[in-house]
Amino acid sequence: MKVENKRWSLDKFKEMRKEVLQEWPTGEEVELEEAIRYHQQQLSSEQVMANRLAEAEQEKITLIQPRAGVALIEEHIELLEFLHTEGGADLLPTTIDSYTRQNNYQEAEAGIKESRNEGRSMLNGFPAVNHGVQSCRQVIEALAVPVQVRHGTPDARLLAEITLAGGFTDFEGGGISYNIPYAKDVSIEQTIYHWQYVDRLVGYYEERGLKVNREPFGPLTGTLVPPSVSHSVAIIEALLAAEQGVKNITLGYGQCGNLIQDVAAIHTLKELGTEYLADYEDIMLTTVFHQWMGGFPQDEAQAFGVISWGAVTAALANATKVIVKTPHEALGVPTKEANAQGLRATKQVINMLKDQQSFNGEELATEKEMIKQETKEILDRVLELGDGDVAQGTIKAFEGGILDIPFAPSKYNAGNLLTARDNNGAVRFLKHGNLPFSEKVVDFHETKLEERGAAESREPNFQMVTDDIYAIGKGMLVGRP
Amino acid sequence: MKVENKRWSLDKFKEMRKEVLQEWPTGEEVELEEAIRYHQQQLSSEQVMANRLAEAEQEKITLIQPRAGVALIEEHIELLEFLHTEGGADLLPTTIDSYTRQNNYQEAEAGIKESRNEGRSMLNGFPAVNHGVQSCRQVIEALAVPVQVRHGTPDARLLAEITLAGGFTDFEGGGISYNIPYAKDVSIEQTIYHWQYVDRLVGYYEERGLKVNREPFGPLTGTLVPPSVSHSVAIIEALLAAEQGVKNITLGYGQCGNLIQDVAAIHTLKELGTEYLADYEDIMLTTVFHQWMGGFPQDEAQAFGVISWGAVTAALANATKVIVKTPHEALGVPTKEANAQGLRATKQVINMLKDQQSFNGEELATEKEMIKQETKEILDRVLELGDGDVAQGTIKAFEGGILDIPFAPSKYNAGNLLTARDNNGAVRFLKHGNLPFSEKVVDFHETKLEERGAAESREPNFQMVTDDIYAIGKGMLVGRP
Amino acid sequence: MEEKTVVLGVIGSDVHAVGNRILEEAFSEAGFEVVNIGVLAPQQEFINAAIETDADAILVSSLYGHGEMDCKGFREKCIEAGLEDIVLYVGGNLVVGKQEWESTKQKFLDMGFDRVYPPGTLPKEPIADLKKDLGIEG
Amino acid sequence: MEEKTVVLGVIGSDVHAVGNRILEEAFSEAGFEVVNIGVLAPQQEFINAAIETDADAILVSSLYGHGEMDCKGFREKCIEAGLEDIVLYVGGNLVVGKQEWESTKQKFLDMGFDRVYPPGTLPKEPIADLKKDLGIEG
Ligand code: B12
Ligand code: B12
């Protein structure tokens, strides 16, 4: 198998499809033409994610979306309804449990049973594959707003078949972003291939005039990932998706914590995305900002501070939507009440900020310029490695550590990066490993970290990184000694 | 009585003092020389507000301070200790109850009794005059951090005598800021006179080498007060205080809600203050930013959003300290737990932002320029009216509506102003009444409000003001129709 | 409608003026004759104003937390002054602290107020109530 | 000190790698020989690694909420494999949701873990405990 960035023929897709649908009995329920009719006839325009995102983009507002999923249908519907009415969620999620993410449908089944017995969700998400198409439709039909599948599944082919047939209109993930942070032993080649399937499926819906949004998972490991690293991944996944016929793409980024860097990141994400996708027609690009994805403070009041700071940044950066954390983040999957609290705090901030001017200035310009230069240096090298083929380039780039993600569990990730905050809290490269950076970029990061080292009278090293990882949980941004 | 901005002779001060101390039996406890010895010998340097503020100013950090006060001594100490240890308050307050503020010591006494009977505080603050000097010292001695008297008392002479002798090292208020928003029937002349007494008392402590900080109450009515209005008042009160020998002054400002306007306000407050006080030597100027002082949302999660937004602004503006609200704000005097929650959310944000760059740019520059020009136009006119005497000028300015405060209860306030938010949420003059503004200023505000009117297809009018007053409580900044 | 008169004010040592100002606007616009005695108003001042203007209702605000103490005996004083039938409403942040609303409400109903309003009440609610209580056609 | 060996890993379908990485650094620096089997580790892999390296302790992490299901029978499996005396610690976000800590702890003690650590545990605590449990002089 040599994975190339070429649109799959319908035959190739349909052949693989037969196998995919046999992975678990609920696969039998899926009939593509019936599913398309279902989307056409049963979904109102307000239930389609891409429509809602397009509106927000035009009105320049930032929509809010939680994460949420429990084991059983009724409870899941109740949860989502609650987040919509009591939390004011504009968009809804269905977070998939971790067994399903690893294609352990057997264990997911056990989790469903145990949840029934214990009277509480024993799964950390909604096992959509086990529940099947009709149950998914029950969820969709109960809700007036668009619902997205959010997961972390390296091989999400069956999950995509079932949930899209089930009426979901947005599907998160990608061959890199749902592999490297979420798997240990799965090759990049494998996941790119499997995600081409998902994208081809979405492309098929698009061909038939339906809008299904796709969203590469921006934050990756959520832990000190510099913007250029996640931007590179997001744009590669967008290119791979567009090739398979995906038209509606939301590019993601996880808050680093420094306002200027984060605003610059959202701006450049959209700008770079537009630039790199210029060859594809009719693409709608939107952005998603993830509130702080690393370790949270346990105290709920402090957590509200972190949540609100994320909301501020999302609004000032004018992201199309923001994924919201909850005051329970450090402790466990939130209750629906805690989840709604995170949403309401966020909405309050977004609403207070939505009319405010965005700010400019030199610092922002510099930050944007650097992110763009770094991302281009990475992406150009990736394309070069693949002789113009981004799929091949990506596979080789991971092998050589040209693409590399901090703190990732995957053995297909070089793991040579070390990142830490500079003296202003922006995330910089302490070791840039094999990232193909020019001297200018390397110097920039070095200088920034030396500045901090000087301020703290210590050499930038792993201890500094550890301190930064704990910092927000302990109530700081920069982990000072 | 003709009030002039002239330093009082010690004789004049001492003569009035006799009367003051007779207003309530606890006045007898006060002996000035003994009090000075107490400050010298019993207070550690960390318990002195001005020292802590000077440190913060140098380290460029923003300290956090709650509001808090209950009827009985032990409970009050417990409350403050809790806010320090559990809330992480850097500075502590003692908020005085409303009877004491109106010099109704009789009713305060009844409130103390009822509180004992009911087992809960029936007063909305700490009745320091009724408790007397020794009880105040009990409070001060129980705490390792500086404690400030916060109140709203038009005639605070006895309160100042008792609390300063009691070991407090900071006293809020002023002849305008504790009259116009807090009284109905008291003339400006009267309160300037009474506050000259307070300032002279503080000046006396300063002469003896002790530091007692003074803080004009910046937010005034807390309701759509444009920066130039509150800046004018703050600077006048600072001038009046400095003349009486006050050396340590914290200038205050209440959050309006638009980031750029608020940052510009804190910057200009310090800059203008320095400019106008240039003639006085050895003055230490610091700033205080008040988190949103108007109506709050009832929902606690939303309130956390408002609190955090205030914290963000305080940090980005680099105010010396921030006065913190609580998630109970809309409903009632907070429990100590709720108060600590507001503090912890604030601290989290402040700490995450303290290392970040401040931003610049044209919008900020314009905003600063306008605030400065407006404030100078007002202050220059005030000085002109007083033939160079700021006390006389102020009295005349209020008569003529040259100084005017929105939504104030006082009949000595012209009440001709109407203020509303512009399309970005900055507070502007809808009617500037008799404020002595140049055409440039008037046009600026008019244009800004027309912009909003156009966006909302309505004429700017009282309905717009009402909408803005309700807005934050309803989860917005700008009260759109 | 025949013009009905309401006396408006903020009781006790309370200076919260904003809600009072907005209530004045709202009741005037709804067609009432509004007599606003403003903030820092003792019980007697409400009663005097009501007698002088032959008012139909008194609307008492208390925001600052001392409402419980300030409102004691208000109904009795009205009766003493000959205002047996006057409608009495009270609203705002009536007690110190965030407390269970039902018991707070009961406390003020027991004091003789006809209606009691929680924090955050928008004017349209008491306006509708007052029209009903005074028999005015909506 | 005589070098003691600990096996470290994240159990079940759990991919949270950050805490695991930090524990590795911290235990190594504290003088332990660390065998880190990483994330997505089944029970059997912990046991195999412990046998192969003659380990003194196994430290199980579970962050993602399925810890209760994933850890069932772990102690029994160790005994079956001949690891009767091995020290077993578990820590992380062990159950789904924010739950009362004492009952969660008891649940895992009942399963046969020697010590159970709540969310937010810093490495120095288990390091000190392990030194005590293995009889190492501080
Ligand atoms: C970063 C993160 C992620 C990253 C992980 C990237 C990676 N591959 O490492 C991503 C985004 C991929 C992710 C995914 C998911 N996550 Co996650 N994640 C987090 C988060 C925010 C921080 C974790 C972290 O790195 N902390 C920093 C490190 C240093 O701390 P630590 O992991 O807690 O480890 C320390 C201590 O716990 C202790 N410790 C840990 N183990 C042990 C063992 C022993 C023996 C001892 C003594 C001590 C000890 O020592 C460590 C070092 O100090 C936490 C919430 C939080 N803590 O704020 C959620 C959290 C752990 N995730 C959660 C969930 C549910 C998920 C997902 C299922 C779904 C989702 N919500 O997206 C997926 C699961 C994927 C999977 N199959 O495992 C939940 C778990 C819920 C529960 N238990 O009830 C949490 C608590 C968030 C929440 N409240 O919902 N996550
Ligand atoms: C602005 C404000 C101030 C300003 C007031 C300026 C002025 N002169 O008007 C300043 C800063 C001066 C101030 C001072 C104080 N305040 Co103040 N203040 C507020 C605040 C933030 C907003 C009030 C407001 O303007 N709201 C907007 C208007 C439109 O709403 P409203 O006043 O609630 O009125 C509406 C309704 O309640 C209703 N309503 C009101 N009365 C009535 C009556 C009837 C019959 C009906 C039907 C309806 C009704 O209709 C109104 C219009 O919609 C509130 C908290 C909040 N709500 O968020 C605290 C609050 C009222 N203040 C409080 C306190 C304690 C004080 C102080 C004692 C001390 C302090 N903390 O600084 C002093 C008291 C001074 C005094 N002697 O009265 C407390 C009261 C606590 C309690 N009841 O337990 C509050 C609740 C804050 C808190 N949680 O601690 N305050």
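The sequence lines fix the lettering, A, B, ..., with proteins before strands; numbering per chain opens at 1.
- Between chain A and the residues D:Arg21, D:Gln99, D:Glu29, D:His16, the largest count of heavy-atom pairs under 4.5 Å involves D:Arg21.
- The main-chain N or O of A:Lys325 is found under 3.5 Å from a side-chain atom of A:Gln291 such that the two form a donor-acceptor pair.
- A:Thr94 and A:His76 share a side-chain donor-acceptor pair at under 3.5 Å.
- With respect to chain A, the highest number of heavy-atom pairs below 4.5 Å among D:Ala17, D:Gly12, D:Ala26, D:Ser13 belongs to D:Ser13.
- Here the side chain of A:Gln102 pairs a donor or acceptor atom with the backbone of A:Tyr182 at under 3.5 angstrom.
- A search for side chain to side chain donor-acceptor pair (under 3.5 Å) contacts involving A:Thr95 returns nothing, not counting sequence neighbours.
- Within residues 469-481 of chain A, the residues having any heavy atom less than 4.5 Å from a heavy atom of chain D are, in residue-number order, A:Ile469, A:Tyr470, A:Lys474.
- Checking side-chain atoms of D:Thr53 against main-chain N and O of D:Ala49 turns up a donor-acceptor pair under 3.5 Å.
- Looking at A:Pro409, both its backbone and its side chain come within 4.5 Å of chain D, counting heavy atoms on both sides.
- At least one cation-pi condition fails for D:Lys4 and D:Phe32: the charged atom is not both under 6.0 angstrom from the six-membered ring centre and inside a 45 degree cone around its axis.
- Side-chain N or O atoms of D:Lys105 include none that pairs as donor or acceptor with a backbone N or O of D:Val116 at under 3.5 Å.
- Between the side chain of D:Asn93 and the backbone N or O of D:Pro119 there is no donor-acceptor pair closer than 3.5 Å.
- Checking side-chain atoms of A:Asn104 against main-chain N and O of A:Gln106 turns up no donor-acceptor pair under 3.5 Å.
- Side-chain contact of D:Asn48 with D:Glu52: a donor-acceptor pair under 3.5 Å is absent, judged by distance alone.
- With a threshold of 4.5 angstrom between heavy atoms, D:Leu40 approaches chain A through its backbone and through its side chain.
- Salt-bridge formation is not detected for the pair A:Glu109/A:Arg116: no Lys NZ or Arg NE/NH1/NH2 atom is positioned less than 4.0 Å from an Asp or Glu carboxylate oxygen.
- The closest side-chain heavy-atom distance from A:Ile405 to A:Thr221 is below 4.5 Å.
- Interface summary for chain A: among D:Leu94, D:Leu63, D:Val39, the most heavy-atom pairs under 4.5 angstrom belong to D:Val39.
- In this structure a side-chain-to-backbone donor-acceptor pair under 3.5 Å is missing from A:Thr153 to A:Asp155.
- Inspection of non-hydrogen atoms places D:Lys72 of residues 71-81 of chain D under 4.5 Å from chain A.
- Comment: A:Glu23 engages A:Arg157 in a salt bridge, judged by a side-chain N to carboxylate O separation of less than 4.0 angstrom.
- Using modelled atom types, one side-chain atom of A:Ser177 and one backbone atom of A:Phe217 make a donor-acceptor pair closer than 3.5 Å.
- Side-chain polar atoms of D:Glu24 and D:Asn20 form no donor-acceptor pair below 3.5 angstrom.
- D:Asp129 and D:Tyr117 form a side-chain donor-acceptor contact under 3.5 Å, judged by distance and modelled atom types alone.
- For a residue to count as touching a neighbouring chain, one of its non-hydrogen atoms must lie under 4.5 Å from one of that chain's; by this rule A:Arg101 does not touch chain D.
- Ring geometry, A:Trp195 versus A:Tyr178: the interplanar angle exceeds 60°, so the pair is classed perpendicular (tilted spans 30 to 60°).
- Top candidate by heavy-atom pairs under 4.5 Å with chain A, chosen from D:Leu122, D:Asp14, D:Val95, is D:Leu122.
- Against chain D, the residues from residues 296-306 of chain A that qualify, each with a non-hydrogen atom under 4.5 angstrom away, are A:Gln298, A:Glu300 in number order.
- The contact between A:Asn124 and chain D is made by backbone and side chain atoms together, counting heavy-atom distances below 4.5 Å.
- Heavy atoms closer than 4.5 Å to chain D are found in the side chain of A:Thr223, but not in its backbone.
- Most heavy-atom pairs under 4.5 Å with chain D, from the set A:Ala338, A:Ser410, A:Ala330, A:Ala408: that is A:Ala330.
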